[in-house]
Engineer: 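I'd like to ask you about the structure that follows.
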Amino acid sequence: MRKYKIKYIYALTDNGLIFYIGQTVDVNKRLKAHIANSFNLSDKKDRLIQDILFRQRKLEVVILKECKERNALEVEKETIKEYLSKGCN
């Protein structure tokens, strides 16, 4: 039987409010990469991360789902749709 890597579908939150959903194998490493990359201020997510850090609010990563690596893109898209329908942006 072939073993598949597990991927996590995660959310970045600002004081509990979801503002980004993504996928990764290593959640802690990905959070650190988001923070490091946010200094570029290249998109809305980066600017929001910098604002959260500047204002000393609570930036957290929350695992929403686990899936096999081969299904991650599909599960990520479904999860984004699910949370958009709940009013998350």
Side-chain angles (χ1 to χ4, degrees):
M1 181 176 241
R2 187 172 176 190
K3 253 189 150 176
Y4 292 95
K5 283 186 182 179
I6 295 296
K7 275 207 159 177
Y8 301 97
I9 308 302
Y10 68 93
L12 293 179
T13 66
D14 176 9
N15 286 328
L17 299 174
I18 294 173
F19 66 90
Y20 178 83
I21 293 176
Q23 59 172 293
T24 188
V25 173
D26 185 329
V27 175
N28 291 324
K29 187 175 179 180
R30 188 66 186 112
L31 176 60
K32 289 176 185 176
H34 275 300
I35 292 169
N37 294 335
S38 72
F39 289 98
N40 296 328
L41 300 174
S42 62
D43 59 24
K44 182 180 175 181
K45 171 182 49 74
D46 290 346
R47 290 186 293 276
L48 186 52
I49 290 170
Q50 283 299 302
D51 185 61
I52 292 166
L53 298 175
F54 178 77
R55 297 176 189 275
Q56 298 181 339
R57 295 193 313 250
K58 193 170 188 177
L59 173 65
E60 288 186 304
V61 62
V62 177
I63 296 172
L64 302 174
K65 297 180 181 178
E66 293 180 20
C67 61
K68 292 179 182 176
E69 185 175 37
R70 66 180 174 173
N71 301 333
L73 185 58
E74 180 182 326
V75 174
E76 179 187 23
K77 287 178 181 180
E78 289 171 4
T79 304
I80 290 169
K81 285 181 187 176
E82 176 187 336
Y83 279 85
L84 284 173
S85 73
K86 293 178 181 180
C88 296
N89 51 347

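FYI, the numbering just counts along the sequence from 1. We use all heavy atoms of the structure for the numbers below, so side chains are in, but hydrogens, waters and symmetry mates are not.
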Engineer: According to a 4.5 Å side-chain heavy-atom criterion applied to Ile, Leu, Val, Met, Phe, Trp and Tyr, with indirect links allowed, do V62 and I80 form part of one hydrophobic cluster?
Structural biologist: yes

Engineer: Specify whether Y20 and Y10 have parallel, tilted or perpendicular ring planes, treating 30° as the upper limit for parallel and 60° as the lower limit for perpendicular.
Structural biologist: tilted

Engineer: Would a hydrophobic clustering, with Ile, Leu, Val, Met, Phe, Trp and Tyr connected at side-chain separations under 4.5 Å, put L84 with L73?
Structural biologist: no

Engineer: Hydrophobic cluster membership, with links at side-chain heavy-atom distances under 4.5 Å among I/L/V/M/F/W/Y: are I63 and F19 in one?
Structural biologist: yes

Engineer: Please examine the side chains of L53 and Q50, heavy atoms only from C-beta on, and report whether any two atoms are closer than 4.5 Å.
Structural biologist: yes

Engineer: Which atom names give the shortest non-hydrogen contact between A72 and I9, and what distance separates them?
Structural biologist: O-CD1, 3.8 Å

Engineer: Are V25 and I21 connected into the same hydrophobic cluster when the rule is that any two of I, L, V, M, F, W, Y join if their side-chain heavy atoms are below 4.5 Å apart?
Structural biologist: no

Engineer: Between D43 and D46 (side chain of the first, backbone of the second, donor and acceptor by atom type, cut-off under 3.5 Å), is there such a pair?
Structural biologist: yes

Engineer: Calculate, to the nearest 0.5 Å, the distance between atoms CG and CG belonging to L12 and L48 respectively.
Structural biologist: 9.0 Å

Engineer: When rounded to the nearest 0.5 angstrom, what distance separates NZ in K58 from CD1 in I52?
Structural biologist: 12.5 Å

Engineer: Quick check: do K44 and R47 have side-chain heavy atoms less than 4.5 Å from each other?
Structural biologist: yes

Engineer: Just wondering, are more than 12 heavy atoms of other shown residues or ligands nearer than 6.0 Å to NZ in K5?
Structural biologist: no

Engineer: With clusters defined by side-chain heavy atoms of hydrophobic residues (ILVMFWY) lying less than 4.5 Å apart, directly or transitively, does V27 cluster with L59?
Structural biologist: yes

Engineer: Less than 4.5 Å apart, side chain to side chain, heavy atoms only: is that true for I6 and Y8?
Structural biologist: yes

Engineer: Starting at CD of E74, measure out to CD of Q23 and round the result to the nearest 0.5 Å.
Structural biologist: 11.5 Å

Engineer: Starting at CG of D14, measure out to CZ of R55 and round the result to the nearest 0.5 Å.
Structural biologist: 10.0 Å

Engineer: Any non-hydrogen side-chain atom of R30 less than 4.5 Å from a side-chain atom of V61?
Structural biologist: no

Engineer: Using 0.5 Å steps for rounding, measure from the OG1 atom of T13 to the CZ atom of R57.
Structural biologist: 11.0 Å

Engineer: How long is the straight-line distance from NZ of K65 back to CD of E78, given to the nearest 0.5 Å?
Structural biologist: 6.5 Å

